[in-house]
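Since the structure comes first, as structure tokens, the remarks are kept for the end.
For clarity, every value in this text was computed on a predicted model and none was experimentally measured. Keep in mind that the numbers below use all heavy atoms, side chains included, and drop hydrogens, waters and symmetry copies. Numbered from 1 within each chain, the chains take letters A, B, ... in sequence-line order.
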Amino acid sequence: MSLDVTTIRKDFPVLSERINDKPLVYLDSANTSQKPRVVIDALAEFMATQNAPINRSAYHLAAQATERFESTRSKIAAFINAPRAHEIIFTKNATESLNLAILSWGRANLNSGDVVVLTHMEHHANIVPWHMLVAERGIVLRWIPLTSDFQLDLTDLDSILSGAKVLSFTSMSNVLGTINPVERLCAAAHKVGALAIVDACQSVPHQPTDVQAWGADLIAFSSHKMCGPSGVGILWGREDLLNAMPPFLGGGNMIADVRVDGFTTAPLPNKFEAGTPAIAEVIALGTAVDYLTGLGMHEVRRHEIELSSYVLGMLKGRFGDDITIHGPSNPEVRGATFSFAFRGIHPHDLSQVLDQHNVCVRAGHHCAKPLMRLIGANATARASFYLYNTTEEADALADALESASDIF
Amino acid sequence: MSLDVTTIRKDFPVLSERINDKPLVYLDSANTSQKPRVVIDALAEFMATQNAPINRSAYHLAAQATERFESTRSKIAAFINAPRAHEIIFTKNATESLNLAILSWGRANLNSGDVVVLTHMEHHANIVPWHMLVAERGIVLRWIPLTSDFQLDLTDLDSILSGAKVLSFTSMSNVLGTINPVERLCAAAHKVGALAIVDACQSVPHQPTDVQAWGADLIAFSSHKMCGPSGVGILWGREDLLNAMPPFLGGGNMIADVRVDGFTTAPLPNKFEAGTPAIAEVIALGTAVDYLTGLGMHEVRRHEIELSSYVLGMLKGRFGDDITIHGPSNPEVRGATFSFAFRGIHPHDLSQVLDQHNVCVRAGHHCAKPLMRLIGANATARASFYLYNTTEEADALADALESASDIF
Amino acid sequence: MAGLEDLYREIILDHYRTPRNRGELEPPAVSAEGHNPLCGDEIRIFLDVRDGIVTDVKFSGSGCSISQSSASMMTSAVKGKDVAQVRAIVRKFKNMMTVEEDTETPIDESLTLGDLEALQGVVKFPVRIKCATLGWNTLLDALDAAKA
Amino acid sequence: MAGLEDLYREIILDHYRTPRNRGELEPPAVSAEGHNPLCGDEIRIFLDVRDGIVTDVKFSGSGCSISQSSASMMTSAVKGKDVAQVRAIVRKFKNMMTVEEDTETPIDESLTLGDLEALQGVVKFPVRIKCATLGWNTLLDALDAAKA
Ligand SMILES: Cc1ncc(COP(=O)(O)O)c(C=O)c1O
Ligand SMILES: Cc1ncc(COP(=O)(O)O)c(C=O)c1O
């Protein structure tokens with residue numbers, strides 16, 4: 001059974017918006033996804049009729065809010081096949097999740113000269129916190145290079161990993177679309193006794209996730225890229241690992257006891273959830289997970305493979321060498337995210353022209369400047385597709401591209 | 001002109017909810033406030049028709065989202081009389097704001113033996129991060145004691161502050177209701193060359209705020225306590241101070257450049273806003289600020305003084321020595337937040353019985369265990385009133401309290 | 001919505017008003033301390049284990065009617081039992097409270113919880129489950145301390 | 001919604017296609033580097049200041065049509081002017097772009113921006129203001145470097 005995209009599109013109010021009487025062609029879901037009506041309603045409904053604090057108060061309204069909040073934790077655990085719900089930590093975004101994982105674990109475990117391996121296709125969120133540890137503790141970074149088809153070059157993996165304490169990498173590149181072999185990488189990390197951290201931002205919204213099959217130690221992703229509200233990130237970690245990590249932010253909810261001379265931490269997950277969380281947003285994220293589960297993540301993935309095949313063929317067919325797509329040519333090893341260069345037109349100008357046709361693409365470095373330097377561009381234009389996008393929208397992108405040449 | 005509370009109550013959908021056919025009496029706003037319809041609508045409307053990333057993309061939808069997001073920054077700046085909008089940093093809650101201020105500034109500026117002064121009425125959010133610095137760097141904490149009327153005892157202020165590097169304190173106690181003399185405390189801190197950090201969580205929603213009149217250096221507060229959505233906190237800091245502080249979380253949006261061998265930070269405010277923020281929630285917080293400004297913060301404060309006078313007199317009148325209110329007896333130096341002990345009934349049991357009457361109060365340590373030890377209780381019951389509460393609701397609280405004696 | 005009568009059964013209020021085994025034990029008895037981080041309740045369990053038998057048990061601290069009565073009933077239920085039996089009772093009680101983590105090992109159906117069954121109503125008030133189980137989790141810590 | 005014709009005026013595209021003063025200057029000329037963190041554009045401004053006069057100015061780097069043409073027009077506008085005049089022009093331009101921070105000091109009304117006025121349309125595309133001002137902010141850094 002494949003996705004019924006016509007019906008799905010009706011679930012997303014913004015997709016029916018018209019600007020200057022033309023339909024919106026939203027191709028920026030790798031940045032942030034649109035939200036289905038059920039998620040918006042869950043959020044508004046909670047705020048209007050059930051709003052209450054969690055964990056702290058005993059009255060009915062608060063107890064109900066706590067239960068609903070915790071039910072999202074269980075839903076997320078099931079969604080990524082995490083063994084225990086209390087291994088799910090809610091943060092504000094994937095960036096905080098990664099900082100928590102990297103800085104909390106790193107400050108407790110890494111010392112001068114310790115080697116951390118990253119890849120050349122990481123997002124700044126999986127680079128800058130490591131740079132901070134380079135400055136703080138003198139750790140050393142190594143980088144896995146790329147092949148000419150924009151995949152990780154694993155030829156020398158063993159020697160790159162040798163002696164490493166951590167391998168931290170993205171499951172799917174937000175620039176190239178490349179899907180990395182997560183299981184293989186986690187296994188290789190574990191073989192040398194290194195921790196495996198996965199930036200799962202770009203894959204969790206687009207394909208089934210099984211952290212146990214991956215064999216990962218810590219993974220991070222964001223609600224806002226998977227049909228959920230903004231303001232929520234997720235960190236999953238192995239229970240023993242999270243238990244051994246020092247707390248990251250201090251305050252209410254994360255303590256067992258506080259005295260004038262010290263504090264003790266609460267058990268998981270509270271230990272890592274200081275302060276009042278994004279209560280309504282987490283609850284609405286639960287609705288987003290239900291929505292995605294209802295569609296079926298295998299079907300979402302299949303839809304995006306079909307879209308990728310179409311987009312790759314169509315763009316090459318129409319524009320030949322006038323377009324350069326920075327990413328794998330095989331739809332099976334990539335998501336439907338396409339960075340490209342077109343007829344020498346600067347991506348910023350390109351996206352401005354596309355916007356006149358209501359075609360929304362991102363132009364820039366996509367928070368991956370080291371990768372951009374490798375590609376040899378300051379910026380690319382990026383069109384990223386999701387479960388609600390169609391081949392007609394890909395055509396609209398191509399039509400709009402055509403018109404850009406008229407100006408420049 | 002005083003508040004028209006009857007009309008205001010209609011703005012808050014949850015206040016019309018009935019449970020078991022009895023009205024809801026929400027007296028837990030010090031924990032989290034209810035949300036007016038305009039805020040819920042702004043959030044839902046943005047998600048349904050204007051949802052887009054900010055800062056990163058050039059197309060119309062994204063530009064519009066960026067503008068609306070930034071307009072909240074300006075509104076918040078005006079609301080607290082901050083000189084520059086880019087001094088406003090959005091976080092996930094006041095707890096993150098305090099951790100950012102304390103850990104970022106503290107790690108760069110505090111060393112073994114350095115003295116930090118807190119008060120005996122602080123929330124865990126303004127204690128635990130300091131404990132973390134005690135463990136990390138060997139700083140020393142001193143505590144300003146309380147008077148018998150639950151105000152700060154400033155008799156020995158000069159000697160407590162002598163040699164201190166920081167004075168960090170709450171503008172209003174979330175347990176006692178006590179409003180502290182912020183200007184005087186900031187001035188005293190500056191006299192000894194100490195930094196003045198204000199936990200403004202409990203005062204910003206309830207009275208006019210002027211950070212320049214206060215003379216504060218850094219202040220923190222939360223959206224969810226001031227009619228805004230959950231998932232957003234605010235840090236304000238003096239520009240020069242924020243510029244000199246190292247970044248706190250690393251990732252996208254906070255960088256000027258990232259190379260394989262290091263990074264440079266973006267200017268304020270981005271430097272402290274790593275990753276995708278709570279876009280829709282920040283925009284809806286702007287609507288909450290408009291709402292509060294429309295009512296007038298002076299009027300809100302006056303309403304709460306009137307409520308306080310009534311509550312204090314009525315509870316004492318009905319229950320005499322059967323009730324002990326842990327907080328100042330003078331409505332002019334307190335907010336409408338009342339922690340109390342009643343006829344020896346454990347607060348948890350009390351709140352359970354009140355809940356049968358739909359009266360929502362918090363029972364517990366209110367994230368202020370050092371203060372609770374001073375009061376000599378593990379827990380108190382706390383009824384906290386806001387702009388939408390009435391004297392009738394105070395009476396409903398008293399009626400419900402009466403019925404608790406029947407059980408215990 | 002569950003009514004208060006489900007929560008505040010007479011036997012519970014009786015144990016709250018007249019706690020059994022309240023007090024402390026001197027070493028060589030062991031002890032453990034438990035906190036309910038949400039409401040501030042604190043409890044201390046004292047345990048005298050000799051030849052694998054819990055010969056004496058006491059509790060101190062302060063808390064709500066549910067945490068105090070549950071601790072009181074618990075001490076009555078485990079006093080004089082051998083450690084294996086005590087652990088089985090804890091499992092059975094936590095299972096009734098829906099919070100037993102080990103869901104693989106079967107629960108001993110032959111055990112009866114007696115008065116403790118009065119606490120079943122707490123399950124309808126999920127926030128209070130932590131109150132009811134505070135003493136029990138602390139007892140487990142004390143048992144571990146006795147073994148060490 | 002503003003149309004593309006407001007943004008991509010002919011004079012802008014002309015400076016984009018045929019940039020003036022593109023290149024580098026050797027020391028003793030000073031230089032400064034600017035980044036647009038949002039889109040990745042980079043620019044480098046080279047400045048030769050002698051006796052308070054900007055005797056030569058060049059720019060290098062890469063970016064969109066707006067950032068490149070704005071830098072190109074800027075170099076034409078400031079070359080040969082004295083430093084005070086240059087700073088006044090920068091202020092006037094940034095004021096037109098709605099991003100001049102110093103709103104107290106009056107803007108010199110007698111100054112004319114000439115071709116640069118073509119960039120006024122950028123204001124209707126707020127995201128692009130950073131593109132238009134990138135070279136100008138970098139010029140200010142270079143002026144500071146020349147003074148030091
Ligand atoms: C691969 C990758 N990692 C991390 C992030 C950061 O996510 P967020 O901005 O939600 O914190 C993103 C998205 O921006 C991403 O694409
Ligand atoms: C005085 C005070 N400080 C800090 C906080 C923490 O705020 P938040 O939970 O929104 O981070 C609160 C509220 O819980 C508070 O009342």
Practice task
Go through A:H224, A:Q352, A:M254, A:H123 and name the one with the most non-hydrogen pairs under 4.5 angstrom from chain B.
Solution key: A:H224

Fill in the blank from the handout: Nearest heavy-atom approach of B:C367 to A:G252 is SG-CA, 3.8 Å

Completion exercise
Rounded to the nearest 0.5 Å, the OG1 atom of A:T95 sits from the CG atom of B:N253 at a distance of 9.0 Å

Practice task
Tell me, for A:A274 versus chain B, whether the close heavy atoms (under 4.5 Å) come from the side chain, the backbone, both or neither.
Solution key: both

Handout entry: chain B contact via A:I127 - which portion, at a heavy-atom distance below 4.5 Å
Key = side chain

Exercise for the section: Identify which part of B:P53 has an atom lying under 4.5 Å from any heavy atom of chain A, answering side chain, backbone, both or neither. Expected result: both

Exercise for the section: Can you tell which part of B:V361 gets under 4.5 Å to a heavy atom of chain A, answering side chain, backbone, both or neither? Expected result: backbone

Exercise for the section: Mind checking the CD-NZ spacing from A:E273 to B:K92? Nearest 0.5 Å is all I need. Expected result: 7.5 Å

Exercise for the section: Report yes if some heavy atom in the side chain of A:R373 is under 4.5 Å from a heavy atom in the side chain of B:R259; otherwise report no. Expected result: yes

Problem - Verdict with supporting geometry, B:H124 and A:F263, side-chain contact (heavy atoms from CB on, under 4.5 Å) - result: CA-CA 10 Å; B:H124 292 163; A:F263 72 101; over 6 Å; no

Practice task
Under 4.5 Å heavy-atom distance to chain A, tell me which part of B:D261 shows up: side chain, backbone, both or neither.
Solution key: backbone

Exercise for the section: Please check if any side-chain donor atom of A:Y59 sits under 3.5 Å from a side-chain acceptor atom of B:D28, or the reverse. Expected result: yes

Problem - Interchain contact, A:L24 with chain B, by part (heavy-atom threshold 4.5 Å) - result: side chain

Completion exercise
Only one of B:T265, B:I255, B:L249 passes side chain to side chain contact (heavy atoms under 4.5 Å, CB included) with A:V128, and that residue is B:I255

Problem - Value rounded to 0.5 Å, distance of CG in B:D257 from NE2 in A:H365 - result: 8.0 Å

Handout entry: Residue part contacting chain A, namely of B:Q50, when any heavy atom lies under 4.5 Å
Key = backbone

Handout entry: Which atoms of B:M372 approach chain A - backbone, side chain, both or neither, heavy atom under 4.5 Å
Key = neither

Handout entry: Most contacts with chain A, counted as non-hydrogen pairs under 4.5 angstrom, among B:G233, B:A368, B:P247, B:A125
Key = B:A125

Problem - A:V258 side chain near B:P370 side chain, heavy-atom distance below 4.5 Å - result: yes

Practice task
Compare every heavy atom of B:E281 with every heavy atom of A:P229, then report the nearest pair and how far apart it is.
Solution key: CB-OE2, 4.1 Å

Practice task
Report yes if the side chains of A:N358 and B:H60 come closer than 4.5 Å at any heavy-atom pair, otherwise no.
Solution key: no

Practice task
For residues B:V260 and A:H120, determine if any side-chain heavy atom of one lies less than 4.5 Å from a side-chain heavy atom of the other.
Solution key: yes

Practice task
Please work out whether the ring planes of B:F248 and A:F248 are parallel, tilted or perpendicular, with thresholds of 30° and 60°.
Solution key: parallel

Handout entry: Interatomic spacing from CG in B:N31 to OG1 in A:T276 - rounded to 0.5 Å
Key = 6.5 Å

Problem - Gap between atom OG of B:S230 and atom CZ of A:F69 - 0.5 Å precision - result: 9.0 Å

Exercise for the section: Could you note down all residue pairs passing side-chain hydrogen bond (donor to acceptor under 3.5 Å, both in side chains) where residues 33-43 of chain A supplies at least one of them, sequence neighbours left out? Expected result: A:Q34-B:N51

Fill in the blank from the handout: Value for CD1 (A:I40) from CG (B:L43), rounded to nearest 0.5 Å, stands at 9.0 Å

Exercise for the section: Can you tell which part of B:L103 gets under 4.5 Å to a heavy atom of chain A, answering side chain, backbone, both or neither? Expected result: side chain

Problem - Taking every non-hydrogen atom, the tightest pair across A:S351 and B:A58 - result: OG-CB, 3.6 Å

Practice task
Counting only heavy atoms closer than 4.5 Å, note whether B:A48 contacts chain A via side chain, backbone, both or neither.
Solution key: both

Fill in the blank from the handout: With chain A, the option among B:H348, B:E96, B:H366 that has the most non-hydrogen atom pairs under 4.5 Å is B:E96

Completion exercise
So, the part of B:L98 with a heavy atom under 4.5 Å from chain A: the answer is neither

